[in-house]
Amino acid sequence: MRRLRVKKSRKQQRLSESQEIKLLEQWIEARKPDSGTNPLAIPAQSPTAPVGRTADGGFTPYAGCKLFRQLPISRKTKEGLAPKYKEMSEIQRASLPHSLCGRDILGAAKTGSGKTLAFIIPVVEKLYRARWGPEDGVGSIIISPTKELAGQLFEELKVIGKNHTLSAGLLIGGRKDVDAEKDRVSSLNILICTPGRLLQHMNETPNFECSQLQVLVLDEADRMLDKKFKGELDAIISQLPKRRQTLLFSATQTKSVKDLARLSLKDPEYISVHAEAVTATPERLKQVAMEVPLDQKLNMLWSFIKSHLRSKMIVFLSTCKQVKFVYEAFKKLRPGIPLKCLHGNMKQNARMAIYLDFCETTSVLFSTDVASRGLDFPAVDWVIQVDCPEDVAAYIHRVGRTARFTSEGNSVLFLLPSEREMLTKLQSAEPKIPIQLRKVKSEKMEQISGSLASVLVKYPEMQQLAKRAFITYVRSINHQKDKEVFDVSKLPLEEYSASLGLPMKPNISSKSQKMKNKKETVVEQEHKVEVEAEVLYNVDGFRVDVEDGRMQKPAVKMMQGNVKSYRAEDEEEDDILVPTKSSVELDKSELTILPTRILKKKKLKINVHRPVGTRVKYDDDGNQVAPLAAFAITEGADTMLEPEKVKERYEKLREEMKQHDKEDKVLLRQRLRDKRTKDKMKLKRWREEEEEEGDEDINGDDSESDLGRKGKMKNTKINFESESDDDRKMKKMKGFDADVISLAEQEALALKLLSSMHNS
Ligand SMILES: Nc1ncnc2c1ncn2[C@@H]1O[C@H](COP(=O)(O)OP(=O)(O)OP(=O)(O)O)[C@@H](O)[C@H]1O
């Protein structure tokens, strides 16, 4: 009886969902705003006005409404929003009416103004209305520039989508469980990811495909579209279907048509809710700039922290090494407030732990720009920019970590006398940035260089850190694009070095020289492998014994030309993975710098007529040839291996393998697509049958179609995958997740257990 009741209620739930979806679709279609209109310009309806279908069979308007509950969104999403969110922010009011009816959006609004919900709601709703399920695969991809931001978006999605039967996954670099991820990634519906990890799955996970993608979101879109991510993003976009909805959001939006063309937007809605605003930064943010000489920066920072011990602060520095040094040095000087640090060179777990910890505690967080965008730390009182941001946009994002949504906040920017031009740029930005120059009260500044010098003497490892901090800072200034603001020649290097507590100024070798040296070493090492490979293995993978020319066991490991290695693009964001040259891809020109000892090893005497396994080779005329003859040259009485030919041969083989690999992938994806389409058709038929039955009583017939059990209706309780969910996943795999097992299944399990107890 109980089982029947459960089945009946499930069936009714499904029916009411289909009715809701039909209603939502009609509502959205009937009252969609005209393209190009601004919903904010439409007078808001009364909060007590009826919502949805009207008495005359029409629908209430949703463009112009102020409350989430007045939108044509599902009951499940409304329930997810309700505890925390009732009234929409401006960007949400302006964009949701357009995005809910499927339009592409290019949205800009100040930092902390609620852009996240403006894209999460349409993503969830679109998939819900399309009845997206495990058999449909990836329906939406949300890309963020940093791991922390991706993690934060994932948490928000969990809140909003908690009642939905969609699955979602967080794919970010630095997590070790990439193989486990590969098994699951294709069945997830919503992916929140950093570009590197997504690309890694696109390239390496055999059954990963996004051909059904419905919505693509780029958070911090201007950042995602800039040069730094260009390679990754273009590679990702090339693997996505063109027919999709694309949502782009940022506080500082790109206006480059070229950038947008890369995304194939279709008549996008340009929504810039604060374009007319007087200021580009939040209204409740108080901003000051101070002229601080380089050698006084740490004194100033220390004094500031000491006089704000009850405030939560984020301190921005320009390099990882600086963050590390200042954090470690200040920790040893004990300012009287907890200190934390965050930068791209930290391990992923540590980064996440710091991020979460800083959300909870009043402390000082020293950070690189890895924390400058999107992160929603609650109640930050001060943002201190010790090093000048690279441009106006970077400034806006950094200060945006405080004064979020309706809260207040303060920011201070330290500028070197040579960086005064940045102040002019900020003050003349459009819309304005209300920043005032304030004089430094030097009499109140505590001098800490002496204390730092003692720290460096006491802890020798600190000396190394200080040196690295010095060098990376000078290099970062040298690398800045805006030469009107940044001028390395104007830096007082002696004084700066002394201010870090260093006994003398470190030597800065030019990075290009250093890179050159490094490259030479790498080339040298890789070439060694390459040469050895040439020496030791023939093209069929048989080892050639150098001494007597005998062939040994197959060995294919050395020449994995098509295996890509990845390296972090820079020290900042190690999500950004770019392929490095494998040993076999090195230019010939690079080899010229190698010592002759190695070059000498390249030509080796061989006996081309020795038997090699059972494989017989023929030339173009059909004559049998000796196995290695194709690669041999004769010099006098000696026959030698021709390295160029060997290389060419491997090149060809590698290309062939790549081609086969490509074809295999296409085939596999096609098979998967066919299977999904078949499953979907079955599911659709089954649903239609069920809907035709309407609300008839279930008169004793408790049989449910196989598909109903196996397919979508198999309790697809929202199933978010994240690191912190490991335990839950384990339980789920073992079949013990109370959330996931239906009542009927629990009953069946209990009966099974009981009967097994009786039998024993
Ligand atoms: N409608 C709303 N009602 C109440 N709080 C909201 C609403 N929308 C967003 N918030 C809150 O405002 C804060 C900032 O939101 P969010 O992180 O989405 O801002 P953002 O515009 O994406 O900022 P950034 O440009 O820095 O990425 C969050 O704490 C969020 O929970």
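Residues take their numbers from the sequence shown, with the count starting at 1. Ligands are counted one by one from 1 in listed order, and the atoms in each one are counted from 1 as well.
Of the protein's non-hydrogen atoms, Gly114 CA, 3.6 Å is the one closest to atom 9 (C) of ligand 1. Looking from atom 8 (N) of ligand 1 to the surrounding protein, the closest heavy atom is Gln92 NE2, 2.9 Å. Among all non-hydrogen protein atoms, the one lying nearest atom 21 (O) of ligand 1 is Lys115 NZ, 2.7 Å. Scanning the protein for heavy atoms near atom 29 (O) of ligand 1, the closest one is Asp376 OD2, 2.5 Å.
For the pair Thr368 (side chain) and Cys320 (backbone), a donor-acceptor distance under 3.5 Å is absent. No side-chain donor-acceptor contact under 3.5 Å links Trp132 to the backbone of Ile190. Remark: the backbone N or O of Ala394 is paired with a side-chain donor or acceptor of Asp391 at under 3.5 angstrom.
Of all atoms in ligand 1, numbered sequentially from 1 with element shown, those under 4.0 Å from a heavy atom of Glu220 are 27 (O). Below 4.0 Å from some heavy atom of Arg401 lie the following atoms of ligand 1, by number and element: 26 (O). Which parts of ligand 1 touch Ser89 is read off a 4.0 Å heavy-atom cut-off, strictly below it: atoms 1 (N). Every atom of ligand 1 with a heavy atom of Ser113 under 4.0 Å away is listed here by number and element: 19 (O), 20 (P), 21 (O). Close approach of ligand 1 to Lys110 (heavy-atom distance below 4.0 Å) involves ligand atoms 21 (O). Distances below 4.0 Å separate heavy atoms of Glu87 from the following atoms of ligand 1: 1 (N), 2 (C), 3 (N).
Contact annotation for Thr116 and ligand 1: heavy atoms of both the backbone and the side chain come within less than 4.0 Å of the ligand. With a heavy-atom cut-off of 4.0 Å, Phe68 touches ligand 1 through its side chain alone. Heavy atoms of Lys86 found under 4.0 angstrom from ligand 1: none, in either backbone or side chain. At a 4.0 Å heavy-atom cut-off, ligand 1 touches Arg404 through the side chain alone. Residue-level proximity to ligand 1 for Lys84 is carried by the side chain, the only part with a heavy atom below 4.0 angstrom.
For the pair Lys32 and Tyr62, the cation-pi criterion (under 6.0 Å, within 45° of the ring axis) is not fulfilled.
Within 6.0 Å of the CG atom in Asp267, the count of heavy atoms belonging to other residues, nucleotides or ligands does not exceed 12. Environment of CD in Glu283: sparse, with no more than 12 heavy atoms of neighbouring residues, nucleotides or ligands closer than 6.0 Å. The environment of NZ in Lys76 is crowded: more than 12 heavy-atom neighbours from other residues, nucleotides or ligands sit within 6.0 Å. Within a 6.0 Å radius of NZ in Lys86, more than 12 heavy atoms belonging to other residues, nucleotides or ligands are found.
In terms of N/O distances under 3.5 Å, ligand 1 is not approached by Thr111. Residue contacts with ligand 1: Ala109 is placed with no nitrogen or oxygen under 3.5 Å of a nitrogen or oxygen of the ligand (distance criterion only). Of the N or O atoms in Tyr85, one or more lie within a sub-3.5 Å distance of an N or O in ligand 1. Looking at ligand 1, you won't find any N or O of Leu117 less than 3.5 Å from one of its N or O atoms.
Between the side chains of Ser74 and Glu125, a donor-acceptor pair is found at a separation under 3.5 Å. Judged purely by distance below 3.5 Å, without hydrogens or angles, the side chains of Thr111 and His397 never pair a donor atom with an acceptor atom.
Salt-bridge annotation for Arg75 and Glu17: absent, with no side-chain N of the basic residue lying under 4.0 Å from a carboxylate O of the acidic one.
Compare Gly374, Gly400, Gly112, Ser407 by their heavy atoms: the one nearest to atom 27 (O) of ligand 1 is in Gly374. Comparing Phe405, Phe249, Phe119 by heavy-atom distance to atom 4 (C) of ligand 1, the nearest is Phe405.
Between His308 and Trp382, the ring-plane angle classifies as perpendicular under the 30° and 60° cut-offs.
Between Tyr355 and Phe377, the gap from one ring centroid to the other is short of 6.0 Å.
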